[in-house]
K.L.:
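Below you'll find the structure I mean.
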Amino acid sequence: MVHKRVMEKLAILADAAKYDVSCSSSQSTRKNKDKGLGDTGHGICHAYTEDGRCVSLLKILLTNHCIFDCAYCVSRKSNDIKRAAFTVQEVVDLTIGFYRRNYIEGLFLSSGIFDNPDFTMERLVRIVKKLRLEENFNGYIHLKAIPGASEELLKEAGLYADRLSVNVEMPTEKSLKLLAPDKNHKDVIQPMEYLKNEIAGYKEEKKSNYKAPLFAPAGQSTQMVIGATQENDLEILGMANYFYDTMQMKRVYYSGYVPISYDNRLPAIGTPVPMIRENRLYQADWLMRFYGFKVNEIVGFDQPNLDLDIDPKLGWALRNLNQFPVDINTADLELILRIPGIGVLSAKKIVAARKFKKLQATDLQKLGIAYSRSKYFLAFASPFQLRKDLTSAQIKEHILNFQKSKYQNNFSNQLALF
Amino acid sequence: MTQIIYDGSYEGWLTAVFEIYEYKFKDVAFAKDETSTALLFCNKHFVDTDHAKADRVLNGLQKRLSNSGFSNLYYAFLSEMNQIEETLFRYVQYVLASRINIEQDFSNSSVLNVQKAMQLTGKESHRMKAFVRFKLTKDNLYYAIVEPDCNVLPLIENHFKNRYADQRWLIYDAKRKYGIYYDLENVSTVEMQFDANSSSSKFLAEICDDNEEFFQSLWRNYFKSVNIESRKNTKLHIQHMPKRYWKNLTEKIPDLKSRK
Ligand code: SF4
């Protein structure tokens with residue numbers, strides 16, 4: 001490698017890729033074979049950026065040349081920036097060199113569209129094949145499927161990558177039209193549908209024949225940019241719900257828009273990144289995936305946006321006080337999961353610990369529960385009394401006051417959850 | 001009060017447990033060697049690590065614990081938490097005295113403390129899988145230096161063996177002065193002196209592969225490029241990557257040119 005040039009390319013092409021928020025490297029089943037290099041499935045974050053996001057993959061673009069002009073994207077055609085492109089070999093060398101030093105779990109490779117979608121996709125596929133077949137590399141690979149690429153290429157990509165993703169970017173067709181005039185909704189949805197069917201097909205085959213090849217074993221994911229356009233949280237979460245239900249997506253990512261250009265269709269430069277809203281969306285997403293909440297319990301037509309001052313689980317509880325108090329000594333796990341301040345692990349611990357004795361308030365603190373928050377929603381055996389006298393507005397005020405004194409200025413953009 | 005002096009190993013501790021029952025000691029405190037916090041005015045009992053005795057304790061425990069409960073004990077021991085030997089002993093007493101499995105009786109303080117210690121070790125061994133940074137030497141050895149709070153090398157050995165099956169590697173615990181070494185076949189424990197100042201430019205130039213410095217600065221560069229300035233959140237950053245690890249993290253060490 002020519003050191004100086006590669007260094008420069010890495011700076012450009014990592015910088016351009018950083019707005020893609022997907023970072024997960026778990027949920028795959030690829031194992032080290034024939035004493036090769038690497039295996040996957042651990043989902044390790046190797047480092048954290050100064051903004052607190054995890055770095056588990058070498059996340060780069062193959063190139064930031066692009067024939068399209070999507071307004072929200074740094075690489076768009078009309079943006080006056082330095083352009084660069086890696087060679088196939090350079091990406092392979094970087095990946096292997098980083099992986100061997102335990103810097104990363106694998107590669108996340110995306111690209112601007114140069115020439116045409118197939119030409120670009122073909123290159124991405126060549127890189128994965130080289131890594132798998134020539135380097136015997138079993139680390140994690142997440143490939144971006146280029147909208148408009150042919151099904152043959154998507155299929156090849158799926159045979160060598162762990163995860164594939166097509167980003168919808170905009171939650172509705174209308175905003176996509178507005179901000180990405182060269183793209184259309186169909187170009188995004190069609191490859192998703194194709195991948196969904198292939199993934200399901202290969203999975204089925206694997207059941208009866210363990211030697212059958214893997215096909216994107218970590219499934220597919222997508223990303224939506226939040227706050228660049230006017231959509232409300234109902235539309236965004238509704239879309240996410242569609243991806244989980246209909247497309248069997250593994251993850252939907254929400255990326256708070258970082259203003260990067262002077263374009264009157266978009267929020268002006270200097271507009272703050274909507275980090276709290278993004279955090280609330282991730283919390284809502286967790287509620288749907290791990291807590292058994294339906295999307296319309298979290299947002300509805302009467303209340304299309306998530307509260308910014310409280311998390312969505314507390315919001316739900318305050319709107320549904322008639323469901324409380326929940327008796328933690330007798331209630332089902334599903335109900336305990338709905339108590340604010342109690343996470344999945346704590347809920348399971350409660351159910352395990354109560355077999356030994358009737359739990360009291362002091363026991364809960366030992367189990368690591370945010371008691372100051374959950375106490376408004378719990379019932380114990382005597383001698384404890386439930387405070388039935390508080391309205392939801394009062395409870396909210398109590399909790400927020402307590403939070404303020406305890407967590408002043410501690411707004412996290414990660415999931416400081418429940 | 002009897003002071004139980006053992007060699008600091010898990011087997012040694014298990015032997016000690018056996019002997020506490022054997023000699024019916026009442027009130028016990030553990031010490032790793034004679035010099036450590038010598039308690040005045042108490043009996044001393046020296047333990048010679050004994051496989052047979054250790055095995056008998058293990059067997060007894062295995063019968064009364066689930067598989068994960070059984071391995072949690074070892075994890076908790078490796079935490080090296082303050083007074084972990086005493087805590088574990090109280091836990092073992094509870095386990096042996098009870099006719100039912102007590103692993104999940106979290107309202108009992110020894111159960112809870114063992115759980116905490118186990119989690120501490122679990123968390124740190126997970127972190128070490130992430131924060132090991134290998135450097136390549138001229139003779140093709142990938143080596144890394146770590147200084148974890150808990151004694152986690154025994155727990156991460158298999159992970160690295162599975163992952164880096166085709167490269168020779170060494171992970172050295174500078175705090176405990178021993179390392180694990182993989183020779184393309186097996187992992188063995190090695191005791192050695194390792195130059196602690198291994199990030200100095202002289203050391204790099206002398207022992208490292210020609211491309212090593214390049215990859216290190218590529219990684220540092222990459223780490224800088226992926227940061228989004230407008231989202232800066234130092235508190236969260238430090239929470240995930242505690243400062244005590246920084247001196248062994250390539251991305252947190254300044255570039256060679258600006259190093260002394
Ligand atoms: S096609 Fe992709 S890389 Fe090109 S401008 Fe649009 S979002 Fe950016």
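Below, read A as the first sequence line, B as the second, and so on, with proteins coming before strands; counting in each chain starts at 1.
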K.L.:
Side chains of A/Arg30 and A/Tyr140: any donor to acceptor distance under 3.5 Å?
P.N.:
no
K.L.:
Need one label for B/Ile100: side chain, backbone, both or neither, based on atoms under 4.5 Å from any heavy atom in chain A.
P.N.:
side chain
K.L.:
What is the minimum heavy-atom distance between B/Asn101 and B/Ser66, and which atoms define it?
P.N.:
ND2-N, 3.7 Å
K.L.:
Just so I understand: if I count every heavy-atom pair under 4.5 Å between each of A/Arg354, A/Lys31, A/Glu105 and chain B, which residue has the most?
P.N.:
A/Glu105
K.L.:
Treating B/Tyr94 as the side-chain partner and B/Ser110 as the backbone partner, does any N or O pair qualify as donor plus acceptor under 3.5 Å?
P.N.:
no
K.L.:
Within 45° of the ring axis of A/Phe86 and under 6.0 Å from its six-membered ring centre, is that where the NZ or CZ of A/Lys9 lies?
P.N.:
no
K.L.:
With a 4.5 angstrom heavy-atom cut-off, is it the side chain or the backbone of B/Gln104 that approaches chain A, or both, or neither?
P.N.:
both
K.L.:
Show your reasoning for whether side chain to side chain donor-acceptor pair (under 3.5 Å) applies to A/Gln283 and A/Arg280.
P.N.:
CA-CA 5 Å; A/Gln283 290 175 324; A/Arg280 296 289 178 232; 2.8 Å; yes
K.L.:
Are side-chain heavy atoms of A/Tyr282 and A/Tyr254 found at a separation under 4.5 Å?
P.N.:
yes
K.L.:
Mind ranking B/Trp219, B/Trp169, B/Phe106, B/Tyr142 by heavy-atom pairs under 4.5 Å with chain A and telling me who comes out on top?
P.N.:
B/Trp219
K.L.:
Report the option among A/Lys349, A/His46, A/Lys357, A/Lys355 that has the most heavy-atom pairs separated by less than 4.5 Å from atoms of chain B.
P.N.:
A/His46
K.L.:
Measure distances from A/Leu58 to the heavy atoms of chain B and classify the residue's part below 4.5 Å as side chain, backbone, both or neither.
P.N.:
both
K.L.:
Is the number of heavy atoms from other residues, nucleotides or ligands within 6.0 Å of NZ (A/Lys348) greater than 12?
P.N.:
no
K.L.:
Below 4.0 angstrom, N of the basic side chain to O of the carboxylate: do B/Arg176 and B/Glu80 qualify?
P.N.:
yes
K.L.:
Looking at chain B, which one of A/Thr40, A/Asp39, A/Ile104, A/Leu13 has the largest number of heavy-atom pairs inside 4.5 Å, strictly under?
P.N.:
A/Asp39
K.L.:
Do you know which of A/Ile12, A/Asp363, A/Leu37 has the most heavy-atom pairs with chain B at a distance under 4.5 angstrom?
P.N.:
A/Leu37
K.L.:
Check each atom of B/Tyr245 against the heavy atoms of chain A and say whether the ones under 4.5 Å are side chain, backbone, both or neither.
P.N.:
neither
K.L.:
Between B/Thr250, B/Asn211, B/Asp105, which has the largest tally of heavy atom pairs under 4.5 Å with chain A?
P.N.:
B/Asp105
K.L.:
So which of A/Gly139, A/Gly36, A/Pro259 has the biggest tally of heavy-atom pairs under 4.5 Å with chain B?
P.N.:
A/Gly36
